[in-house]
Amino acid sequence: MALKVFNTLGRKLEEFVPLNPPNVGVYVCGPTVYGHSHLGHAKSYVSFDAILRWLRYSGYNVRYIQNITDVGHMTENDEDAGEDKIIAEARRRGLHPAAVAESFTRSYFEDMDALSVLRPDISPRASGHIPEQIECARKLLEKGHAYEVNGSVYFDVSSFWKYGRLSGRSVEDMEAGARVEVNPEKRHPADFALWKRAEPGHIMRWPSPWGEGFPGWHLECSVMSQKYIGDTLDIHGGGIENQFPHHECEIAQGECTTGQPFCRYWLHNNMVTLNGQKMGKSLGNSVFLKDLFHTTEPLRDRDGNVLVEKSFEPAVIRHFILTSHYRAPLDFSNEALKAAEAGSYKLRDAVRELSRAARRAAQGPKVQGSQGPSTDAPRPLGPSAPRPLAAAPNATALEQCVASATSDAVRTALADISRRFSDAMNEDFNTAAAVATVFDFARQAGAWIRDGAPAGDLLAADTLMQALVGDVLGLRWQDTLGGAAAEAERNALIQILVDLRNDARKAKNFALSDQVRTRLATLGIELKDGPTGTTW
RNA sequence: GGUGGCGUGCCCGAGUGGACUAAGGGAGCGGAUUGCAAAUCCGCGAUUCAUGGGUUCGAAUCCCAUCGCCACCUCCA
């Protein structure tokens with residue numbers, strides 16, 4: 001079945017045909033780095049990560065670009081009256097704006113790494129592409145799509161007939177609905193800034209043909225996507241709230257510069273709500289990912305109401321996000337998260353059990369054919385450890401794996417699972433149906449293990465499971481034994497044995513108590529009975 | 001006010017004209033297993049898809065109206 005995607009341009013499912021197969025150029029709007037990432041970022045980037053993984057799994061050679069906005073994104077009201085978000089945060093913290101951007105860029109990648117979101121191939125910074133943006137504005141002026149007023153350059157929306165086509169609105173409608181006082185420099189209220197004159201005291205500023213200033217927010221995305229992908233993108237992704245005006249402006253800039261279609265497929269992901277309510281800074285109910293992953297006490301909103309009772313590991317959050325569709329809104333609540341956690345751990349245990357059973361059946365710790373990443377020992381996630389893309393399994397390799405199953409019944413079952421999974425993902429990346437499929441798979445695999453299926457069956461099943469769950473869905477749970485947690489658990493386990501041994505000593509069951517001491521000693525753990533108790 | 005979208009069991013959430021006697025997860029109940037638990041396994045659970053009309057041989061799926069919710073029109077993933 002061919003891959004179909006819902007294209008916002010045209011608002012319907014379309015077969016996905018890249019411009020230059022097998023190459024696919026994907027651009028997704030990245031974060032403005034003026035604060036820590038929250039649940040909204042998680043939904044957006046986990047969704048697109050699943051999309052990227054599926055494209056690669058399907059055999060496409062994907063180049064994935066995601067910008068880091070570190071300049072020019074204005075706060076509230078008309079963009080011309082607002083303030084640069086990063087500069088505002090820098091003033092609050094007493095830092096240089098670039099330091100704020102740097103710090104939150106790191107924070108963003110840290111959170112995304114935790115969620116197993118694969119890093120983009122290129123993460124261009126807006127501030128690193130000032131010359132390119134100036135050049136673009138210059139070209140647009142030259143072609144009559146823009147005009148300069150007092151050191152600022154504005155795009156003239158009346159010069160681009162397609163303006164409004166993506167979001168389905170007309171320039172006339174917008175004029176009628178304008179709520180904000182219009183910047184008198186603009187010829188039309190819908191015109192937007194390509195370059196802004198920097199007022200005295202504005203820190204982030206660059207020289208330009210129009211004097212010192214800084215780029216308008218929309219410009220970076222057109223410029224950087226076209227620089228790294230080409231005139232026409234295959235896929236542009238982003239949040240639905242940016243459909244207008246941001247993406248509309250990108251199209252206008254991109255197409256008026258090159259005369260080529262800017263992007264073939266526009267994918268928009270939906271928003272998250274929290275207990276049925278919009279999540280937002282102004283509502284005081286934002287949930288930041290770092291808090292959600294690590295908190296030791298309930299997270300509360302501004303009024304002290306509990307939003308989330310406890311912490312959840314990143315894989316559980318990812319799992320929850322993947323059980324819904326990227327185009328549908330997703331409601332977070334404590335209850336929903338707990339349910340997702342229970343389900344996710346059930347899947348985790350089944351996946352690990354299959355892995356162990358396959359290894360056992362093959363009678364060796366290291367097993368050929370099970371090269372998939374072991375969920376027992378997740379590969380380290382960190383700045384320098386993105387998945388080597390060349391090693392990622394693809395559909396063809398998986399077919400061979402399925403065919404390698406020993407018995408006809410299992411081979412048929414695996415082929416069926418594989419097909420259901422693919423059909424789901426090919427239908428506009430229906431991760432919810434894909435997750436349902438792997439749950440069914442896990443249940444069947446449990447039966448095979450109990451019925452003593454031959455090694456060939458279990459190995460084939462394990463390889464397929466690792467590929468679907470670990471590589472495509474990207475679910476990598478924390479190892480329950482690791483680092484400080486492992487140390488604490490080890491000590492707790494020894495304490496249990498010590499307590500039982502002391503019970504035995506009190507009951508004068510010295511045979512048993514000595515056995516405990518001897519056997520621990522063989523593990524290098526020496527027990528010492530002192531007046532205040534037993535130590536080791 | 002304008003534009004776009006959504007409303008599926010106790011909860012989350014797939015399904016968008018006939019294979020729906022509506023997926024999957026959570027919670028619940030019954031059973032198997034168990035010294036007791038946990039885990040696991042099997043089974044049950046929406047005659048119904050916000051409400052009311054309509055189109056159709058046939059609708060959760062299409063159309064209209066009403067109610068509720070969300071997004072965008074001003075920054076937000």
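Numbers restart at 1 for each chain; the letters A, B, ... are given by sequence-line order, proteins then strands. For the numbers below, each heavy atom of this structure counts, side chains included, while hydrogens, waters and symmetry mates do not.
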Legend entry - Flag if over 12 foreign heavy atoms under 6.0 Å of CZ, A:Arg327: yes
Inset, instruction - Kindly point out which of B:G4, B:C41, B:A77 is positioned nearest to the side chain of A:Ser44? - result: B:A77
Legend entry - Per A:Glu241 side chain, nearest of listed nucleotides B:C41, B:C11, B:A77: B:A77
Inset, instruction - Just call it for A:Lys278: base, sugar-phosphate, or nothing, with non-hydrogen atoms closer than 4.0 Å on any strand. - result: base
Inset, instruction - Find the distance between CZ (A:Arg352) and CH2 (A:Trp477) and round it off to the nearest 0.5 Å. - result: 8.0 Å
Legend entry - Geometric cation-pi criterion, A:Arg119 with A:Phe109: 6.0 Å, 45°: yes
Legend entry - Candidate nucleotides B:C12, B:A77, B:C41, ranked by approach to the side chain of A:Phe320 - the nearest: B:C12
Legend entry - Nearest-angstrom distance, P atom, B:A27 to B:C41: 13 Å
Inset, instruction - Output yes when at least one side-chain N/O atom of A:Asn270 is less than 4.0 Å from OP1 or OP2 of B:C70, else no. - result: no
Inset, instruction - May I ask you to say what A:Leu347 touches in the nucleic acid, namely base, sugar-phosphate or nothing, with a heavy-atom cut-off under 4.0 Å? - result: nothing
Inset, instruction - For A:Arg327, answer base if it contacts any base atom (sugar-phosphate contacts may also be present), sugar-phosphate if it contacts only those atoms, and nothing otherwise; contact means non-hydrogen atoms under 4.0 Å. - result: nothing
Inset, instruction - From the options B:G26, B:A71, B:C75, select the nucleotide whose nearest atom is closest to the side chain of A:Met271. - result: B:A71
Inset, instruction - Remember a base hit wins even if backbone is also touched, and classify A:Asn430 as base, sugar-phosphate or nothing at under 4.0 Å, heavy atoms. - result: sugar-phosphate
Inset, instruction - Would you kindly give the CE-to-C1' distance between A:Met425 and B:G24, to the nearest whole Å? - result: 15 Å
Inset, instruction - Taking atom P in both B:U61 and B:G7, compute the distance separating them and give it to the nearest angstrom. - result: 10 Å
Legend entry - Integer angstrom distance from the C1' of B:A46 to that of B:U8: 9 Å
Inset, instruction - Choose from B:A77, B:C42, B:G13 the nucleotide whose nearest atom is closest to any side-chain atom of A:Asp331. - result: B:G13
Inset, instruction - Could you tell me how the ring of A:Phe262 sits relative to the ring of A:His236: parallel (under 30°), tilted (30 to 60°) or perpendicular (over 60°)? - result: tilted
Legend entry - Pairwise P distance, B:G13 and B:G9 [rounded to whole Å]: 11 Å
Legend entry - Residues A:Glu89 and A:Arg91 bridged, charged N to O under 4.0 Å: no
Inset, instruction - Under 4.0 Å between any heavy atoms, over every strand shown, what does A:Ala328 touch: base, sugar-phosphate, or nothing? Just pick one. - result: sugar-phosphate
Inset, instruction - Pick the P atom in B:A14 and in B:A23, then give their distance to the nearest Å. - result: 15 Å
Inset, instruction - Determine the contact category for A:Val28: base if any of its heavy atoms lies under 4.0 Å from a base atom, sugar-phosphate if only primed atoms, P, OP1 or OP2 are that close, otherwise nothing. - result: nothing
Inset, instruction - Specify whether A:His41 and A:His38 have parallel, tilted or perpendicular ring planes, treating 30° as the upper limit for parallel and 60° as the lower limit for perpendicular. - result: tilted
Inset, instruction - Say whether, by atom type as modelled, one donor and one acceptor occur between the side chain of A:Arg420 and the main chain of A:Val438 under 3.5 angstrom. - result: no
Inset, instruction - Using a cut-off of strictly less than 4.0 Å, decide whether A:His319 has a side-chain nitrogen or oxygen near OP1 or OP2 of B:G25. - result: no
Inset, instruction - Using the P atoms only, state how far B:C10 lies from B:U48, rounded to an integer number of Å. - result: 13 Å
Legend entry - Closest listed nucleotide, where the reference is the side chain of A:Lys346 and the choices are B:C72, B:G26, B:A14: B:G26
Inset, instruction - With heavy atoms under 4.0 Å as the rule, sort A:Gly343 into base, sugar-phosphate or nothing. - result: sugar-phosphate
Inset, instruction - Pick the P atom in B:G26 and in B:C42, then give their distance to the nearest Å. - result: 12 Å
Inset, instruction - Using salt bridge (charged side-chain N to carboxylate O under 4.0 Å, His left out) as the criterion, point out the one residue from A:Lys310, A:Lys346, A:Arg348, A:Arg318 that pairs with A:Glu341. - result: A:Lys310
Legend entry - Phosphate-side-chain proximity, A:Lys338 and B:A27, N/O vs OP1/OP2 below 4.0 Å: no
Inset, instruction - For B:U55 and B:A65, measure between their C1' atoms and round to the nearest Å. - result: 15 Å
Legend entry - Residue A:Arg450, side-chain heavy atoms: nucleotide from B:A77, B:C12, B:U40 that is nearest: B:U40
Legend entry - Pairing pattern in dot-bracket form [Watson-Crick, G-U; both distances under 3.5 Å; | = partner strand] for RNA chain B: ((((((((.[[[..)..(.....]]].(((((.......))))).....[[[[[..)....]]]]])))))))....
Inset, instruction - Spell out, as yes or no, whether a donor-acceptor pair under 3.5 Å connects the side chain of A:Asp234 to the backbone of A:Gly25. - result: yes
Inset, instruction - May I ask you to say what A:Glu335 touches in the nucleic acid, namely base, sugar-phosphate or nothing, with a heavy-atom cut-off under 4.0 Å? - result: sugar-phosphate
